[in-house]
Amino acid sequence: MTSEELFIVLIRNFLIYLGVFALLALWLFDRTDVPHIEKLPAIPAIPILGNLVQLGTEQPRRLAELSRKYGPVFQIRLGNRRFVVANSFESVKQLWINNQSSLISRPTLHTFHSVLSTSQGFTIGTSPWDDSCKRRRKAAAAAVNRPAVVSYMPFVDLESYASIKELAEQLGDQQPQTDVNPYPLFQRLALNLSLTLGYGFRIAASAEDELLREIVTVERGISTLRSTSNNWQDFVPLLRIFSRRSNEASELRRRRDTYLEYLLRKLKERIATGKDAPCITGNILKGPECKLTHAETKSICVTMIAGGLDTTPACLLFGAAMLSGPQGAALQQKMLAEINTTYPDGNAWERCLKEEKCVYVQAFCKEVLRFWTVVPMSLPRVSIKDVTWQGAVIPAGTTFLMNAWAANYDDEQFISPTEFFPERFLNIAEGSGTQHFSFGAGSRMCTGSHLASREMYVTFVRILISLEILPAMDPSQRPILTGPLECNANPTGLSIEPKSFKIGFRIRDKEHLRKCFEQTEIATKHLAV
Ligand code: HEM
């Protein structure tokens with residue numbers, strides 16, 4: 001054999017081995033957890049990565065675009081995981097509500113479940129369905145159900161007061177208005193309520209407090225790691241070798257452990273000195289008959305902290321932003337008139353805590369939740385039984401994604417969905433079921449929805465009667481008011497992170513506000529620890 005022939009043989013063998021290797025790699029890495037689902041539209045995908053590149057960072061919008069061509073429900077592949085995605089109001093209703101006993105579990109994801117959550121356990125919202133999840137969900141639901149929330153109204157009184165008071169202090173005597181970013185104040189409001197329920201104490205310091213900022217930053221980082229558009233390594237195992245994500249997740253876990261241990265230590269000190277207030281962790285620590293383990297207790301506390309921290313403050317902020325926008329003056333006028341009709345004795349500040357009766361403010365809160373869908377892709381589910389959708393049998397073990405943003409903007413359900421129009425939620429008959437999907441739907445729907453709704457109602461009533469809300473004087477600092485995706489600083493995150501903006505405020509009646517503050521100070525004197 002000449003050296004030329006030898007070279008050709010070597011090249012040929014090399015190419016054969018390369019081909020076999022490529023086929024083997026494809027067979028090994030291009031498989032999905034659930035095989036292709038027959039009779040269900042599928043978005044064409046590329047090997048190994050599936051639809052990851054195609055969906056990019058703004059998944060809700062891209063998926064909604066695809067639904068115009070492929071129909072409301074279709075299958076996609078993100079790396080080696082198959083997902084069924086629902087994009088319309090009706091399809092979400094049918095899959096999430098009519099099949100709620102099937103869509104009851106949650107997926108496990110590499111970064112979140114193997115790297116990040118190893119020390120404090122999973123939150124309820126990230127736990128697959130098993131006996132422990134059932135117990136934790138039941139305990140958390142009991143802690144924040146309707147009757148329990150009524151007993152927390154003194155805390156809502158205190159926290160909404162603290163936010164508005166700090167805001168009023170920032171306004172000072174300046175005329176005609178002061179432009180402020182009130183987001184940190186709303187974050188403290190939500191976090192303090194969670195801390196009070198979980199540990200029996202609050203952060204009394206300013207909204208810029210170091211611990212508060214640390215919790216907010218870490219929880220935001222962790223929530224971003226749960227998103228389906230952020231962590232390719234969750235779906236393409238090969239990428240785990242090179243990924244920085246695991247280091248980032250370990251660092252976040254270390255920081256979360258530090259403040260969770262601090263909070264627990266502080267509570268134990270209070271219990272030892274008899275200075276503790278009733279709270280979930282305290283009840284569990286003190287009650288030997290309690291059926292939850294320590295790990296489960298910690299999971300509930302992390303859930304309480306994480307659950308409302310990104311979501312409620314963003315809704316409060318976007319609601320206030322809306323009131324500062326072009327529709328704002330008319331909305332404020334209408335809401336104030338309705339508040340004065342509902343609470344005619346000028347005591348709305350106090351009565352809104354006890355009676356959530358102003359239907360227009362309720363409708364405004366629902367429209368804020370719909371329009372500003374702050375968890376646009378909701379939280380993923382995994383089915384535990386086969387589900388049938390228009391002739392297709394979707395096998396148990398499939399992951400489902402709710403495009404809540406698309407469902408909330410579905411023009412077959414909502415007239416002019418891109419308009420902010422609270423009236424759409426007036427005169428809705430009792431028992432009409434889920435009116436929007438911002439809290440998810442069905443068996444694993446948000447357990448904190450009553451608490452969040454009450455927080456929003458009280459805070460908006462109080463802001464409206466205390467302050468006039470105006471557009472920021474500098475137009476470049478005004479919010480984008482077209483919807484959550486346009487105003488999102490972190491498109492790959494799980495929840496919307498509002499872009500930074502300012503809102504103009506002016507105190508309506510200083511003397512009236514002083515009296516309102518005084519009322520809360522007297523009523524909550526015993527709570528302000
Ligand atoms: C405006 C505020 C809030 C919004 C928009 C919101 C949204 C959501 C969404 C979309 C889900 C997923 C539901 C599903 O899969 O169907 C969820 C789950 C959950 N939320 Fe909320 N949430 C809010 C406030 C809260 C608060 C204040 C708490 C607790 C104090 C909380 C606790 C939970 C828990 C525990 C789950 C997991 C339920 C489960 O997996 O069984 N949320 N939330």
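We count ligands from 1, going down the list as the structure has it; atoms in each ligand are counted the same way. Because the structure is a prediction, the values reported are computed rather than measured.
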Practice prompt. List the steps, then state whether side-chain hydrogen bond (donor to acceptor under 3.5 Å, both in side chains) holds for Arg77 with Thr32.
Written response: CA-CA 8 Å; Arg77 274 186 50 193; Thr32 45; 5.3 Å; no

Worksheet item: Do Lys298 and Asp257 pass the salt bridge (charged side-chain N to carboxylate O under 4.0 Å, His left out) test, and can you show the C-alpha distance, the side-chain angles, and the key distance before you say yes or no?
Response: CA-CA 11 Å; Lys298 278 185 183 170; Asp257 285 352; over 6 Å; no

Worksheet item: Should Asp33 and Arg82 be marked as a salt bridge (charged side-chain N to carboxylate O under 4.0 Å, His left out) after you check the CA-CA gap, both sets of side-chain angles, and the distance that decides it?
Response: CA-CA 6 Å; Asp33 56 340; Arg82 188 167 300 281; 5.7 Å; no

Discussion item. Before you tell me yes or no, could you show the steps for Asn408 and Thr373 under side-chain hydrogen bond (donor to acceptor under 3.5 Å, both in side chains), namely the whole-Å CA-CA distance, both residues' side-chain angles and the distance that decides it to 0.1 Å?
Written reply: CA-CA 7 Å; Asn408 278 345; Thr373 315; 3.0 Å; yes

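Results of the salt bridge (charged side-chain N to carboxylate O under 4.0 Å, His left out) test with Glu219 over Arg256, Arg213, Arg255 single out Arg256 as the only residue that passes. Exactly one of Phe414, Tyr409, Trp96 qualifies for a ring-ring contact (aromatic ring centres under 6.0 Å, His included) with Phe89. That residue is Phe414. Among Phe425, Phe420, Phe421, Tyr457, the one residue that satisfies the ring-ring contact (aromatic ring centres under 6.0 Å, His included) test with Phe364 is Phe420.
Looking at Pro128 and Val382, their side chains never come closer than 4.5 Å, going by heavy atoms from C-beta outward. Put simply, the side chain of Pro395 reaches to within 4.5 Å of the side chain of Ile37, judged on heavy atoms. The shortest side-chain heavy-atom distance between Trp405 and Arg61 falls under the 4.5 Å cut-off. Taking the side chain as every heavy atom from C-beta outward, Cys487 and Trp372 approach each other to under 4.5 Å.
Contact annotation: for Thr312 versus ligand 1, heavy atoms closer than 4.0 Å belong to both the backbone and the side chain. With a heavy-atom cut-off of 4.0 Å, Ser127 does not touch ligand 1 at all. Heavy atoms of Leu193 found under 4.0 angstrom from ligand 1: none, in either backbone or side chain.
Using 4.0 Å as the threshold, Ala140 has no heavy atom nearer than that to any atom of ligand 1. Assignment of Arg106 to the shell around ligand 1 is supported, since a heavy atom sits closer than 4.0 Å.
The pair Glu261-Arg265 does not count as a salt bridge, with every side-chain nitrogen at least 4.0 angstrom from each carboxylate oxygen. A salt bridge links Glu159 to Arg202: at least one charged side-chain nitrogen sits closer than 4.0 Å to a carboxylate oxygen.
Atoms of ligand 1 found under 4.0 Å from any heavy atom of Gly440, numbered from 1 in the order shown, are 10 (C), 13 (C), 14 (C), 16 (O). Atoms of ligand 1 lying under 4.0 Å from any heavy atom of Thr303, numbered from 1 in the order shown and given with element: 35 (C). Taking every heavy atom of Ile124 and a limit of under 4.0 angstrom, the matching atoms of ligand 1 come to 39 (C), 40 (O), 41 (O). With ligand atoms numbered from 1 in the order given, ligand 1 contributes 1 (C) to contacts under 4.0 Å with heavy atoms of Cys315. Residue-ligand proximity, Met304 to ligand 1, at heavy-atom distances under 4.0 Å covers atoms 30 (C). Listed by number with element, the atoms of ligand 1 under 4.0 Å from a non-hydrogen atom of Gly125 are 37 (C), 40 (O). Of all the atoms in ligand 1, the ones that sit under 4.0 Å from a non-hydrogen atom of Val374 are 5 (C).
Among protein heavy atoms, atom 12 (C) of ligand 1 sits closest to Leu379 CG, 3.5 Å. Counting protein heavy atoms only, atom 38 (C) of ligand 1 is closest to Arg137 NH1, 3.3 Å. For atom 8 (C) of ligand 1, the closest non-hydrogen atom of the protein is Cys446 CB, 3.7 Å. The protein atom (non-hydrogen) at minimum distance from atom 6 (C) of ligand 1 is Phe439 CD2, 3.7 Å. Here the protein heavy atom with the shortest distance to atom 24 (C) of ligand 1 is Thr311 OG1, 3.5 Å. The protein atom (non-hydrogen) at minimum distance from atom 28 (C) of ligand 1 is Gly448 CA, 3.5 Å. Thr447 OG1, 3.7 Å is the protein heavy atom nearest to atom 33 (C) of ligand 1. Counting only heavy atoms of the protein, atom 13 (C) of ligand 1 lies nearest to Arg444 O, 3.3 Å.
Distances between N or O atoms of Glu455 and those of ligand 1 include no value under 3.5 Å. At least one N/O-N/O distance between Arg381 and ligand 1 falls below 3.5 Å. Considering backbone and side-chain atoms alike, Ser438 places every N or O at 3.5 Å or more from each N or O of ligand 1. Of the N or O atoms in Ala441, one or more lie within a sub-3.5 Å distance of an N or O in ligand 1.
Ranked by closest heavy atom to atom 27 (C) of ligand 1, the top entry among Gly308, Ser378, Ser105 is Gly308.
Figure legend: Lys266 and Tyr199 shown without cation-pi pairing, the cationic atom not lying both under 6.0 angstrom from the six-membered ring centre and within 45 degrees of its axis. Figure legend: cation-pi geometry between Arg106 and Trp129 absent, as NZ or CZ is not positioned both under 6.0 Å from the six-membered ring centre and within 45° of its axis.
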